[in-house]
Amino acid sequence: MSIVEALSEGMRKMETDVTDLEEFRKEVRAWLAANLKRRRYSGPQAARTETKTPEEIAESRALQRKLFDAGYAGISFPKEYGGRGLSAAHERVFREESAGYVMPDFGAAGAVTFSAIARSMLAHASPSFLRRHMPKILSGEEIWCQFYSEPAAGSDLAGIRTRATRDGDRWILNGSKIWSTGAYYADFAMCLARTDWDVPKHRGLTWFAVSTKAEGLTIRPIVQIDGEAGFCQEFLDDVVVSSDEVIGEVNQGWAVAQTMLVYERGAGQAGPVVLEPRTLAPDLVALARKVGRSNDPVVRQSIARAHINDYAQYHLGKRIAARLRASDQPQPAVAAYGKLASGTFSPIRARIAVEIGGPEALLWHPDDKRGMRYAVNYLNGRMTSIAAGTNEMQRNGIGERVLGLPREPSFDSNRPFSEVIANARNWDGRVS
Amino acid sequence: MSIVEALSEGMRKMETDVTDLEEFRKEVRAWLAANLKRRRYSGPQAARTETKTPEEIAESRALQRKLFDAGYAGISFPKEYGGRGLSAAHERVFREESAGYVMPDFGAAGAVTFSAIARSMLAHASPSFLRRHMPKILSGEEIWCQFYSEPAAGSDLAGIRTRATRDGDRWILNGSKIWSTGAYYADFAMCLARTDWDVPKHRGLTWFAVSTKAEGLTIRPIVQIDGEAGFCQEFLDDVVVSSDEVIGEVNQGWAVAQTMLVYERGAGQAGPVVLEPRTLAPDLVALARKVGRSNDPVVRQSIARAHINDYAQYHLGKRIAARLRASDQPQPAVAAYGKLASGTFSPIRARIAVEIGGPEALLWHPDDKRGMRYAVNYLNGRMTSIAAGTNEMQRNGIGERVLGLPREPSFDSNRPFSEVIANARNWDGRVS
Amino acid sequence: MDSDATDDQKVLLDASVRFMQQVCPLTRVRERAYSNITYAAEYRRQAGELGWFSMLVPEDLGGGNVSGNGVLDAALVAYKRGATLQPGPFTGTNVVAHALSTAGSKEQRQKVLPALMSGEASASWAISPPAGHPAMEDGVSAEFRGGACVLSGCKTFVQDVDESCWLLVTARSNAGVSQFLVPPGTPAVRVVALDSLDISRQFSEVHFEGAQLPASALVGMEGKAFDLVAHQSAIAAVLTAAESVGAMDHEFEMTLRYAKDRIAFGRPIGSFQAIKHLLADMSLMLEMSKAITLAAARSLGSDDGYGLEAASMAKAFVGDAGVDLAQNCFQIFGGIGFTWEHDQHLYLRRLTTDAALYGDPAWHRERLCQLSKL
Amino acid sequence: MDSDATDDQKVLLDASVRFMQQVCPLTRVRERAYSNITYAAEYRRQAGELGWFSMLVPEDLGGGNVSGNGVLDAALVAYKRGATLQPGPFTGTNVVAHALSTAGSKEQRQKVLPALMSGEASASWAISPPAGHPAMEDGVSAEFRGGACVLSGCKTFVQDVDESCWLLVTARSNAGVSQFLVPPGTPAVRVVALDSLDISRQFSEVHFEGAQLPASALVGMEGKAFDLVAHQSAIAAVLTAAESVGAMDHEFEMTLRYAKDRIAFGRPIGSFQAIKHLLADMSLMLEMSKAITLAAARSLGSDDGYGLEAASMAKAFVGDAGVDLAQNCFQIFGGIGFTWEHDQHLYLRRLTTDAALYGDPAWHRERLCQLSKL
């Protein structure tokens, strides 16, 4: 059974286990109103990977625990692993209802933990592994991050060079990882390493669970262009991992990665979590008013453009979600539309703010941290066009997997990885 | 001696044969003022391939004859072939001085005849061929066109499938050509055909001079999207050509094509022939005033954008020309900047007019032919982004030949052409 | 957008597509078949039978729709119409039917409305002034003299006016914005057929040379048409956007097929990133165009309080996206797209004209700001 | 743009580049070395020796240039400065030196001008108001009371003001637009250093809290500064555009190198059309930016009657092209470009700020229309 089949069977199975959704919605609504704080629409949330303080993390852990205790963490996860055992539809209802509330915020690492990581584990890890880790994940006790990208493997996700060598019933890991969101406060990492170098690149990869406290592991925050340090770089120097902590099959890591990708792109969520933007770009309107340009027809055009793009993006998201719900199979390439939309329009929107504000957006008093928000948004405007799959990779995916266009010539998919590395520098474009 | 060396030696040789340029400028200025009509800047000339009436062609032939008789046709061409034997610098002086005058207009075919065709012949054809044809070309008696592109060979310029078979001291041509500008009023065509199918595509091509009155040749105008028919399609059905009328060496047609390309892209001109745009986009200003929108700040932004692009394009052209003049060698890839600029900005400019004008640009009284000019410009707005090398081909050229970026993988440059054709349909992007 | 339709809507759409395939495929559009009066009358009659002109009319006036949201139903039909560049004042007739249902006199509702719904008569909306930003109500002034009303001025961009066509004229009087229903053949109303970039439809200029109308020609109260015009404008925006999305969808499919079939340099051109990525971006914009148009139709048709804004947003977004898409398709087709016999130019012409019709993107963006009280 | 320089200009540029490499390479820019007063003074002194602040001053006032076109010489130096994101009010000091040469009093010419040219003192232009479209002369009002003039209001975006910095303030009075030369340390002039997107320079807000100046502080006649301000604005536009082009050129080279070196999928990423075509387009925009900036410098510096228009065109074109280029370079660098230690963000910050400085592209487009009498 392929991963895609396994996933869709899982989704169908859960969908069939239907209790009264409307009843559930009422229950959720009441609980949320009684227990959580509301939030309001104030323009789209700019992508940003902020440094989290230990206090913020502790607060989010407590909030997550509250959800877990009330039965709202892992709503569609099996009961034996700490979930509630309800359907994906219930999960969706909760997401819709909770969209207006303040939820636990572990930064980008949180999204990764609860969507991509937890769900990929569910699909691939052994029952004993899941019993050991999943309840702690759902209750906020174990925050996870990914050790995936490497300095020499970004868009080329399978070009991993971190090496895992078997040593009896344990593995020794060596190499370097980068862009690990929130690694500095995570408890565990899901780490991808190469376990066979003499086969094509997709066929020699394996995932490991690595404690962030492991000996030989150095985690170093990366100072970002906005001065934050939400990402980390890691150096693995003879890090030892027990064979129990392999996730999925040895050398079958690419299958796990594919599952992860599906959930990262939102196929596992199947519903937008943002609010419908019905207020004309409030952040831009406020800025235009502040600089006295709200009657400038050219500025008004820009504000309208930004809001229209927000509105179109929101409804694209809803449309994608509906299509994914209607489908029997996860469709990562369909979800790629949402990613590409965000990667296309976020930089434009950030730029519009800077253009409207002029000096007001570019300069601020040193003691006015809010004054720098337009500049910070601007610097992070390309976050969604690069992180977790560049616009270019989304276009390839849409082009080949949705539109059915013929493939790009591939020079590295059929050769041993060791050979690909050796040949790349001499690449001359000539095909014999 | 390579073509590039031959060309540059030729250019140098002419440059050394200097008479007093300022004296020549005075002579030209006086002759022009006495003999030709002036024209003025009225916004950039939109690319368009218009149907020419026999009367217009006859008028242009007469005007060309006037130039020829006065010694201003083929200024830098050798005297033995009907030219004046002066330098490229003299040619340039004449072009600068005559920019403000009404010159012979054979449509796009004229530009092709006098730059690309005549100059490629000079570099490659035999002396007897040149003595036979060149004086007639310079005097306007022989208008030439190209039989180059084919229905299945557009951007892929060497993918020619018209077949020439040797038969004693003559050749038999069969196949089909397209996009032959002005073929319906041309006297001769320079026709590219495949003379060897068992070598890679660039190595089996040969050029032939074909009379447009030849038996077996059918010339059919192509009705364009703007209703004009300046281009033609041809069908060659056992057309016979004498061996005397081969241009360049047999199977070395690609070298001739390369020379032609250099001159088509303007490397043979080395100087802008347009006027510096110092009047704010007059066509757009007139349109905005007509529809009462000249005070609309959004419209004003568009008008300014259009004019700024015109101005930047003009100065890019001057800069390219200066760089080409300063160089010892023709640099077709440098000239590609001018082509890409035009291909990028012409469609934008045509669209701006339609946006400013609204119904005024989109609709017109049936008896007001001038009323349709914005619509016609709009339809032809992509002419320079497609014809004579698409934007995509220019980007490849600039990327690889100017910027030195690594080549695109090539699947057809090292295999026999017959094999390439057979394999293309089964192309799956896999490289063994 | 078929996947977005309910089963009932699918029945309507399937029947509509069959009708268009039989009666007015692209070959007939090219021949301008609709300029023949007999043909146009028959086309309208069959379209009327399908319910094309009844969807915005309440059931008690003889109208009806299949989903409970008439704007959404009409938008889906418009989408199908756009795919084969259908002629005829579909948008105009629906706008006028809506106006008469909402504000028409008893006589207008009883005499004109049934004829519009059945396709016996058509109607077009004379709204665009010949100059200036399309500040909708300009161009024609109305003056009341005794029992009659005199119209003077000019409207342009009026679609498919023929001998049987009623005109809804939006005009200014001292009292404000008023609307008039002008019967076919009214004296001193001169219709001048124009040539156009878009050859799939017929646009005219209409001159009102002191045309006298009885007071009964007023639709609603004198000077009180502002809100109704805003709503009409939103309907026209949504239906035009939906027709554009249909045209975009069809042209995109044509181009995609070409990118897979056309060989250059020993490969299909769609294997080159220059083409592949362009098509991916176009596909994104097409999906967003579908999403925003459907959202606007749902919102406007369900009176959920954001319909006018959503309609303007859809028109602005789709207007730009449609022209971008047509231009990009042209680029991918290359030389062949310059030929008259190739279809791409028909779509380029249509999408460029749609962008300007009933308010261009810039106008709708400004309108969004005004509706949002900026 | 080296190939555009004459031999004399090349000598100036080579010496300037050596100076910058030795005194203020990018590592020192990152450290904000220029915020140290002693360092800044030494930097200015050496720059003054190179003639950086004399090029817009006629020879009879002690200035001079190498080509006969001072604006062109200064633009070439600015281009080299931009490549390594140099700090210091190069534009400001040159604008003020020009203003004093053209309209300064004898005292201003004899006392202040030589200090500016030698680099002993610097000067910055206080022109941008804190709000509104940068309608240049707003923000500060001037009132004459007896022999003194009182300035009130605020200017922002004032570059690299330090203790030795003269301010040229463009202000409004009843008589029209006037300019004042404000000495360093003037009471009731409060300089507030701001943080900024651009970390290679220091911008400040300057508050005039009823600051009293003697009549001798006027530059030119009261209320008659309009033409001079227009010329200053054009000079600032050209020099800022030239600095931007230098930054673009350097960033493009960095990115091109990366595209050749970076391997993914077994190939250098520059072999993919997605990257290659983007770089080709960027290269085109860069060449056009060079062409239009040089054309503007030539035109403005030779008083050929189209200099103001050309300067606004260059600033508008380069402003947009610079931000586009920086954004595209960021995209090509991908993840590594998000790190503080990588240089791309320094260029992104600079180019984005340059676009807004001394009038953003939209402002200069509107100005072009006005200069063209539209």
Side-chain angles (χ1 to χ4, degrees), chain B residues 49 149 151-156 159 178-179 222-227 231 290-293 296 298-299 347 351 354-355 358-366 368 371-372 374-375 378-383 385-387 390-392 395-396 408 410-413 415 420-421 423-425 427 429, chain C residues 128-134 138 156-157 192-198 203-205 261-269 271-275 278 319-320 323-324 327 330-342 344-346 348-349 352-353 355-357 359-363 365-366:
Chain B
T49 303
S149 295
S155 286
D156 186 2
I178 196 167
W179 306 122
I222 298 169
V223 182
Q224 295 151 223
I225 51 177
D226 64 351
F231 296 111
K290 180 148 194 202
V291 298
R293 295 179 69 185
D296 178 338
V298 178
V299 167
R351 183 169 172 179
V354 164
E355 288 175 349
E360 178 66 26
L362 298 168
L363 312 175
W364 59 93
H365 287 266
D368 169 25
M372 70 190 283
Y374 298 106
Y378 181 74
L379 289 169
N380 285 305
R382 299 214 81 83
M383 187 77 89
S385 73
I386 292 171
T390 61
N391 284 358
E392 289 75 17
R395 292 184 188 116
N396 272 342
E408 185 72 10
S410 162
F411 292 84
D412 66 342
S413 51
R415 297 175 196 172
V420 167
I421 297 179
N423 288 346
R425 292 261 153 224
W427 192 87
Chain C
S128 298
H133 221 311
D138 292 340
T156 190
F157 229 171
V192 179
L194 302 176
D195 279 357
S196 155
L197 177 71
D198 182 5
F203 292 98
S204 297
E205 223 170 56
D261 291 345
R262 173 79 176 176
I263 302 289
F265 305 100
R267 305 161 49 172
I269 62 170
S271 71
F272 287 102
Q273 282 189 337
I275 305 293
L278 186 59
D320 283 337
V323 178
D324 287 342
Q327 290 278 350
F330 195 167
Q331 184 67 24
I332 291 172
F333 280 119
I336 197 71
F338 272 103
T339 62
W340 182 266
E341 66 179 334
H342 195 279
Q344 81 78 17
H345 72 101
L346 303 178
L348 174 69
R349 291 164 180 272
T352 306
T353 305
L357 201 54
D360 67 4
W363 189 86
R365 283 190 288 265
E366 174 57 33

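Quick caveat: nothing in here was measured; it's all calculated off a predicted structure. Order of the sequence lines sets the chain letters (A, B, ...), proteins ahead of strands, with each chain counted from 1.
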A.B. asks: Under 4.5 Å between any side-chain heavy atoms of C:Gln327 and B:Tyr378, yes or no?
C.D. replies: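 Side chain of C:Gln327 against side chain of B:Tyr378, heavy atoms only: contact under 4.5 Å found.
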A.B. asks: To check you understand the geometry: which heavy-atom pair defines the closest contact between C:Asp324 and B:Arg351, and what is its length?
C.D. replies: OD1-NH1, 2.6 Å
A.B. asks: Does some side-chain heavy atom of B:His365 sit less than 4.5 Å from a side-chain heavy atom of C:Leu194?
C.D. replies: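 They are in side-chain contact.
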A.B. asks: So which part of C:Glu366 gets closer than 4.5 Å to some heavy atom of chain B, the side chain, the backbone, both or neither?
C.D. replies: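 Nothing of C:Glu366, per the 4.5 Å heavy-atom cut-off to chain B.
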A.B. asks: Would you mind reporting whether B:Glu392 and C:Phe272 have side-chain heavy atoms less than 4.5 Å apart?
C.D. replies: no
A.B. asks: Given a strict heavy-atom distance threshold of 4.5 Å, which part of C:Phe157 is in contact with chain B: side chain, backbone, both, or neither?
C.D. replies: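 When you check distances to chain B, atoms from both the backbone and side chain of C:Phe157 fall under 4.5 Å.
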A.B. asks: Among B:Ile222, B:Leu379, B:Val354, B:Asn423, single out the residue with the greatest number of heavy-atom pairs under 4.5 Å to chain C.
C.D. replies: B:Leu379
A.B. asks: My understanding is that only residues two or more places apart in sequence, or in another chain, count here; which of them pass side-chain hydrogen bond (donor to acceptor under 3.5 Å, both in side chains) with C:Ser204?
C.D. replies: none
A.B. asks: Let's test your reading of the structure: which of B:Val223, B:Ile421, B:Ile225 forms the most heavy-atom pairs below 4.5 Å with chain C?
C.D. replies: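 Option with the greatest count: B:Ile225.
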A.B. asks: If you measure from CG on B:Asp412 to CD1 on C:Ile263, what distance do you get to the nearest 0.5 Å?
C.D. replies: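 The CG atom of B:Asp412 sits 11.0 Å away from the CD1 atom of C:Ile263.
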A.B. asks: Using non-hydrogen atoms and a 4.5 Å limit, figure out which bit of B:Trp364 sits close to chain C: side chain, backbone, both or neither.
C.D. replies: both
A.B. asks: Under a 4.5 Å heavy-atom cutoff, which of B:Ser149, B:Ala152, B:Gly358 has the most pairs with chain C?
C.D. replies: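 Ranked by heavy-atom pairs under 4.5 Å with chain C, first place is B:Ala152.
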A.B. asks: What part of B:Ala153 gets closer than 4.5 Å to chain C, counting heavy atoms only: side chain, backbone, both or neither?
C.D. replies: backbone
A.B. asks: As a quick check of understanding, evaluate salt bridge (Lys or Arg N to Asp or Glu O under 4.0 Å) for B:Asp156 and C:Arg267, giving each step before the final call.
C.D. replies: CA-CA 11 Å; B:Asp156 186 2; C:Arg267 305 161 49 172; over 6 Å; no
A.B. asks: Let me know if C:Ala274 has heavy atoms under 4.5 Å from chain B in its side chain, its backbone, both or neither.
C.D. replies: side chain
A.B. asks: Chain B: which of C:Ser271, C:Ala355, C:Gly266 shares the most heavy-atom pairs with it under 4.5 Å?
C.D. replies: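 Heavy-atom pair counts peak at C:Gly266.
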A.B. asks: Test side chain to side chain contact (heavy atoms under 4.5 Å, CB included) on B:Ile386 and C:Phe333 and set out the steps.
C.D. replies: CA-CA 9 Å; B:Ile386 292 171; C:Phe333 280 119; over 6 Å; no
A.B. asks: Highest number of heavy-atom pairs under 4.5 Å with chain B: which of C:Ile275, C:Val323, C:Thr156?
C.D. replies: C:Val323
A.B. asks: Does the side chain of B:Asp226 reach to within under 4.5 Å of the side chain of C:Phe338, using non-hydrogen atoms?
C.D. replies: no
A.B. asks: With a 4.5 angstrom heavy-atom cut-off, could you sort out which part of C:Leu357 is near chain B: side chain, backbone, both or neither?
C.D. replies: neither
A.B. asks: Which region of C:Ala193, side chain (C-beta onward) or backbone (N, CA, C, O), has a non-hydrogen atom less than 4.5 Å from a non-hydrogen atom of chain B, or is it both or neither?
C.D. replies: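 C:Ala193 touches chain B through backbone heavy atoms alone.
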A.B. asks: Output the option from C:Gln273, C:His342, C:Glu205, C:Glu341 having the highest count of non-hydrogen pairs under 4.5 Å with chain B.
C.D. replies: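 If we count pairs closer than 4.5 Å to chain B, C:Glu205 comes out on top.
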A.B. asks: Pick one of side chain, backbone, both or neither for B:Asp368, based on which atoms fall under 4.5 Å of a heavy atom in chain C.
C.D. replies: neither
A.B. asks: What heavy-atom pair brings B:Ser385 and C:Gln331 nearest, and what distance separates the two atoms?
C.D. replies: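 Looks like OG-OE1, 2.7 Å.
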A.B. asks: How close do C:Pro268 and B:Ala424 get, heavy atom to heavy atom, and via which atoms?
C.D. replies: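 Smallest interatomic distance, heavy atoms only, reads CD-O, 4.2 Å.
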A.B. asks: Taking side-chain hydrogen bond (donor to acceptor under 3.5 Å, both in side chains) as the definition, give me every residue that meets it alongside C:Asp195, ordered by chain and number, with sequence neighbours left out.
C.D. replies: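 With sequence neighbours excluded, C:Asp195 shows a side-chain hydrogen bond (donor to acceptor under 3.5 Å, both in side chains) to no residue whatsoever.
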A.B. asks: Let's test your reading of the structure: which of B:Ala361, B:Ala375, B:Pro359 forms the most heavy-atom pairs below 4.5 Å with chain C?
C.D. replies: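 Ranked by heavy-atom pairs under 4.5 Å with chain C, first place is B:Pro359.
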